[in-house]
Amino acid sequence: MSLEPLDSPDADVIPDHTPEELEALLGDLVLARDDHLNAPGFVIRPDTVQETLSILKEQAGYDHLSLVSAQEYENRYESIYHLKKFDDPTQEVSVVVPADKDNPVSQSGEAVFRTADWHEREAYDLVGIEYDDHPDLRRILLPETWQGHPLSLDYDMNQPQIAALPAHVNPIQDHHRDDESDTMFLNIGPHHPATHGVLHLKTVLDGEQVVDVESDIGYLHRCEEQMAQSGTYRHQIMPYPDRWDYISAGLLNEWAYARAAEDLADIEVPEYAQVIRTMGAEMCRIAAHMLALATFALDVNGDFTATFMYAINDRERVQNLLEDLTGQRLMFNYFRLGGVVWDLPEPREEFFSKTRDFLDQLPGNIEEYHNLVTSNEIFQMRTIDTGILPPEVAKNYGATGPVLRGSGVDYDLRRDDPYGYYDELDWDVITEDGCDNYSRLLVRMQEVEESAKIIGQCVDLLEDWPEDERTIQANVPRTLRPDDDTEVYRAVEAAKGELGIYIRSDGTDKPARFKIRSPCFSNLQTLPEMANGEYIPDVIAALGSLDIVLGEVDR
Amino acid sequence: MSSEQQPFITDESRVVTETRDSRMTGQGDRFNSRLREAFGSSPFILTKFDKFLNWCRGSSMFMLQFGIACCSIEMMHTYAVKHDLDRFGSGVPRASPRQADVMIVPGTIVSKFAPRMKRVYDQMPEPKFVVGMGSCTISGGPFQEGYNVIKGAEEVIPMDIHVPGCPPRPEALVYGVVKLQERVANGEAAPVTVKPYELEQFGDLERDELVEALVDQIDEDELVMRYNFADSP
């Protein structure tokens with residue numbers, strides 16, 4: 001399964017469309033071309049969004065709406081639908097939808113891609129574009145009583161705001177109340193041990209069964225996009241990615257920014273730095289998956305003192321290695337555009353032997369987890385065949401990462417859209433067909449083993465690397481000013497899935513628009529599909545198996 | 001002489017002697033504990049009742065299990081193996097604010113969350129203490145410029161200890177908590193330095209442009225929090 005070239009004879013042939021073919025396919029719908037660095041872009045009228053998206057989805061096979069990014073220009077608003085194919089994510093196309101400056105209304109793409117629901121709500125909330133035909137166009141990240149749209153051009157940051165603490169009522173009680181059944185409204189969170197941070201679930205119960213669950217997010221919306229837009233490319237943005245997915249997955253996030261910005265500014269990264277990046281990123285993945293395991297066991301077993309402590313213990317070991325490498329335990333700030341900030345710690349032999357020690361004991365520890373967790377009968381009863389997420393539903397919601405792979409879809413950007421040193425190494429993409437909570441956990445645990453394989457190979461490579469070829473950074477100008485109006489969207493495989501960055505430059509040293517495609521944001525959107533009709537404890541298990549991190553959901 | 005004619009007398013000479021001897025010569029751990037040394041030869045403690053209670057409070061603190069952002073990851077590490085906050089008598093996280101007396105605020109407070117945090121804080125029984133973990137709870141930290149970020153948890157609830165860092169290492173949090181325990185045991189209270197945002201009924205707010213704009217959306221008696229970002233430190 002690993003690293004099979006996509007054009008090998010036994011792989012399914014994926015039809016590739018040239019931009020001209022796509023333009024012909026869309027015909028009159030296309031008003032103009034607005035190509036991005038990563039993909040051809042087609043400008044369409046704001047009332048033909050559904051038509052265009054469904055042609056691209058049904059006839060050209062672009063079945064993955066990765067991101068909807070919205071922004072305001074001096075003379076117009078604009079939404080961009082970034083489409084990909086699950087079979088081959090290197091095939092991309094952007095649908096650019098300008099909207100009127102005075103009356104920014106655009107048709108919703110929700111009917112074609114379910115995932116557009118939340119993305120468009122966010123665009124409405126932060127930028128102020130209104131979407132026609134949207135099922136539920138409300139604010140998503142900011143309080144409902146917020147005044148103004150903070151990423152629009154004329155927003156005043158100093159204006160006072162009011163946030164309410166409403167007493168929640170059951171929104172659908174009237175529809176469900178009769179002689180036989182009565183529903184109950186239950187708030188879970190935002191301060192609750194099972195929500196992994198500050199998530200608020202508005203749950204409607206009929207007895208023990210869930211009738212409806214709605215995630216209320218935004219309790220950790222700390223303006224990451226604004227922060228990035230007010231920082232310079234070269235140094236000021238890199239510290240922030242560490243704080244999106246803060247479960248020690250910092251290097252994976254930094255890579256998302258580094259990849260997008262390096263493509264934008266056309267920077268070549270030295271091979272040696274790529275190997276270090278790959279090794280560091282996989283260490284982060286191990287740490288992140290260990291916490292996913294720890295908290296999932298906590299949610300399902302309530303076993304704070306055993307599994308949790310074991311997993312934290314392994315995390316401490318990984319964090320020690322990462323601290324040796326980067327100088328910090330959690331917020332690494334280790335990548336630079338064009339490489340990494342410094343070389344491996346001296347003495348190198350000690351670092352290598354420490355890393356090898358960790359890798360050597362890992363299989364034994366994973367065996368312990370299997371004894372403790374996955375072969376535990378109670379655990380199996382709680383997780384097998386609960387929280388079912390069929391692959392087609394997962395794709396429609398834009399789920400990625402272990403969630404998608406747990407539904408049997410073979411999609412991993414490290415292999416399918418290679419970056420770093422991954423395509424030179426020998427490893428496998430893990431999938432499980434169960435589509436349930438158990439499969440998602442199994443995927444994570446096996447991915448830890450794959451990450452260990454990758455780290456091992458990187459250590460071997462780094463050990464034999466000739467001393468005079470250890471270039472850790474390319475030559476990058478002190479101030480980066482990418483060309484005016486260049487747009488790029490690039491994604492990497494972070495711990496939770498596809499983490500993408502869209503950047504538009506305006507000729508200055510700061511991005512004009514910086515949009516983050518968070519995997520958790522899309523993954524969390526699938527929760528009602530898994531939870532409705534199930535028992536309330538299964539909702540908690542399903543939420544745990546999604547492994548969301550609110551810093552990345554809310555950004 | 002027969003035993004029936006004598007009143008019953010315990011032969012305590014041996015016990016008393018041995019106890020006294022071991023006390024004086026320093027043998028036998030049972031009698032010569034550190035505590036005993038501290039007390040002197042008298043088994044009585046003379047103290048003020050509230051002083052004694054403060055000592056009890058400081059020696060057994062129940063933390064609120066309260067994760068907000070990045071710092072909560074380091075907070076979990078502080079509770080777990082290796083750092084083990086329980087060694088200092090303060091490592092029992094309680095999920096309910098009704099059972100907790102210390103709140104560690106581990107992360108950035110944003111506009112939507114501040115009223116909830118205030119509510120959770122109000123639900124904790126007195127006396128209650130707050131440890132602010134990380135730069136965000138001091139000033140908003142790296143997100144201070146954000147349109148949605150409250151510039152420090154002190155704008156919402158009173159704080160006792162600030163632990164700086166982004167995030168602070170577990171060792172730093174342990175130090176902060178132990179410092180808090182010391183202060184509690186000494187009966188010191190933290191001064192409130194910032195006038196915090198309060199939860200108020202919407203009807204009680206002064207009628208200005210913003211309130212007028214929201215009249216249709218919010219009920220008179222609903223609790224709200226009003227942020228004056230322009231006046232933030």
Side-chain angles (χ1 to χ4, degrees), chain A residues 141-148 150-151 155 157-167 189-198 200 216 218-224 226-227 230 239-240 242-243 246-248 291 294-295 304 308-313 315-316 319 329-331 550-551 554, chain B residues 64-74 76-77 79-83 93 95 97 107-108 110-120 136 140 142-143 145-149 166-167 169-170 199 202 205 208-211 213-214 217-219 222-232:
Chain A
L141 294 176
L142 293 167
E144 303 236 342
T145 51
W146 197 264
Q147 300 293 302
L151 292 183
Y155 181 76
M157 287 242 322
N158 283 328
Q159 72 187 71
Q161 298 285 356
I162 288 180
L165 182 66
H191 163 237
H192 190 278
T195 54
H196 294 205
V198 282
H200 178 201
D216 176 21
Y219 291 96
L220 193 53
H221 173 56
R222 36 189 189 180
C223 330
E224 300 274 12
Q226 181 209 1
M227 292 294 116
S230 54
Y240 285 99
D242 289 321
R243 290 159 180 83
Y246 44 70
I247 316 278
S248 286
L291 195 78
T295 50
F304 190 85
F308 184 81
M309 295 293 177
Y310 275 66
I312 290 286
N313 200 19
R315 266 176 63 86
E316 287 282 357
Q319 280 189 316
R329 276 168 58 89
L330 208 57
M331 303 299 168
L550 270 298
D554 296 344
Chain B
L64 180 65
Q65 189 179 339
F66 187 51
I68 301 178
C70 337
C71 284
S72 53
I73 303 300
E74 287 296 60
M76 283 156 68
H77 278 260
Y79 286 138
V81 284
K82 185 169 175 187
H83 299 101
T108 321
V110 301
S111 68
K112 204 171 174 181
F113 191 62
R116 315 283 175 153
M117 187 174 78
K118 179 84 175 171
R119 171 60 64 86
V120 170
C136 289
F143 304 100
E145 305 287 313
Y147 49 82
N148 192 32
V149 175
C166 189
R169 294 179 63 93
L199 277 176
F202 185 66
L205 289 180
D208 60 2
E209 208 180 315
L210 174 63
V211 174
L214 288 167
Q217 286 185 48
I218 309 179
D219 288 342
E222 200 166 302
L223 291 175
V224 297
M225 199 173 261
R226 190 183 197 283
Y227 305 112
N228 297 315
F229 287 120
D231 302 339
S232 285

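All values below were derived from every heavy atom in this structure, side-chain atoms included, with hydrogens, water molecules and symmetry-related copies excluded. This structure is a prediction, so every number in the text was calculated from the model and none was measured.
Aromatic rings of H221(A) and F143(B) (six-membered ring for Trp) have centroids beyond the 6.0 Å cut-off, not under it.
The shortest heavy-atom contact between G218(A) and V110(B) is O-CG2, 3.8 Å. Residues E74(B) and L330(A) come closest through the heavy atom pair CG-CD2, 3.7 Å. Scanning all heavy atoms of the two residues, the minimum distance from P160(A) to N228(B) falls at CB-OD1, 3.8 Å. Nearest heavy atom pair, residue S111(B) against residue A163(A), reads O-CB, 3.6 Å. Taking both residues in full, the closest heavy atoms of I312(A) and A80(B) are given as CG2-CB, 3.5 Å, listed atom of the first, atom of the second, then distance. In terms of heavy atoms, W146(A) sits closest to F229(B) at CH2-CE1, 4.0 Å.
In this structure, M225(B) CE and I162(A) CD1 are separated by 12.0 Å, a value rounded to the nearest 0.5 Å. Residue L142(A) holds its CG atom at 8.0 Å from NZ of K112(B), rounded to the nearest 0.5 Å. Rounding to the nearest 0.5 Å gives a distance of 15.5 Å between CD of E145(B) and CZ of R222(A). We find the CD-CG distance between Q161(A) and L210(B) to be 6.5 Å, quoted to the nearest 0.5 Å. Remark: T145(A) OG1 to I218(B) CD1 distance equals 5.0 Å, nearest 0.5 Å.
For chain B, the nearby part of Q226(A) is the side chain; its heavy atoms alone come within less than 4.5 Å. Heavy-atom distances place both the backbone and the side chain of M157(A) under 4.5 Å from chain B. With a threshold of 4.5 angstrom between heavy atoms, I68(B) approaches chain A through its backbone and through its side chain. When heavy atoms are compared at a cutoff of 4.5 Å, Q319(A) approaches chain B solely by way of its side chain, counted from C-beta outward. Only the backbone of L141(A) comes within contact range of chain B, with at least one heavy atom under 4.5 Å from a heavy atom of that chain. No part of Y310(A) comes within reach of chain B, as not one of its non-hydrogen atoms sits under 4.5 angstrom from that chain. Contact of V120(B) with chain A is made through the side chain alone, with heavy-atom distances under 4.5 Å. With a threshold of 4.5 angstrom between heavy atoms, R329(A) approaches chain B through side-chain atoms but not through N, CA, C or O. In this structure, chain A has no heavy atom under 4.5 Å from any part of C71(B). With a 4.5 angstrom heavy-atom cutoff, L550(A) does not touch chain B via any of its atoms.
Heavy-atom contacts from other residues, nucleotides or ligands closer than 6.0 Å to CD of Q217(B) number more than 12.
For the residue pair R116(B) / H191(A), no side-chain donor-acceptor distance below 3.5 Å is found, with atom types taken as modelled.
Ranked by non-hydrogen atom pairs under 4.5 Å with chain A, the options P115(B), A95(B), G67(B), C166(B) are led by C166(B). The choice from P142(B), C70(B), C136(B), G107(B) that makes the most heavy-atom pairs within less than 4.5 Å of chain A is C70(B). Taking chain B as the reference chain and counting heavy-atom pairs below 4.5 Å, the highest number among E144(A), M331(A), Q147(A), E316(A) is found for E316(A). Interface remark: of the candidates P97(B), A114(B), G146(B), A69(B), A69(B) forms the most heavy-atom pairs closer than 4.5 Å to chain A. Interface check for chain A: of the options M117(B), E209(B), K118(B), H83(B), the most heavy-atom pairs under 4.5 Å are formed by H83(B).
Under the salt bridge (charged side-chain N to carboxylate O under 4.0 Å, His left out) criterion, R243(A) pairs with no residue, sequence neighbours left out. Residues satisfying the salt bridge (charged side-chain N to carboxylate O under 4.0 Å, His left out) test with R169(B), not counting sequence neighbours, are E323(A), E171(B).
Put simply, the side chain of Y246(A) does not reach to within 4.5 Å of the side chain of P167(B), judged on heavy atoms.
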Inset, instruction - Could you give me the CA-CA distance, side-chain angles and deciding distance for R315(A) and I73(B), then say whether side-chain contact (heavy atoms from CB on, under 4.5 Å) is met? - result: CA-CA 11 Å; R315(A) 266 176 63 86; I73(B) 303 300; 3.2 Å; yes
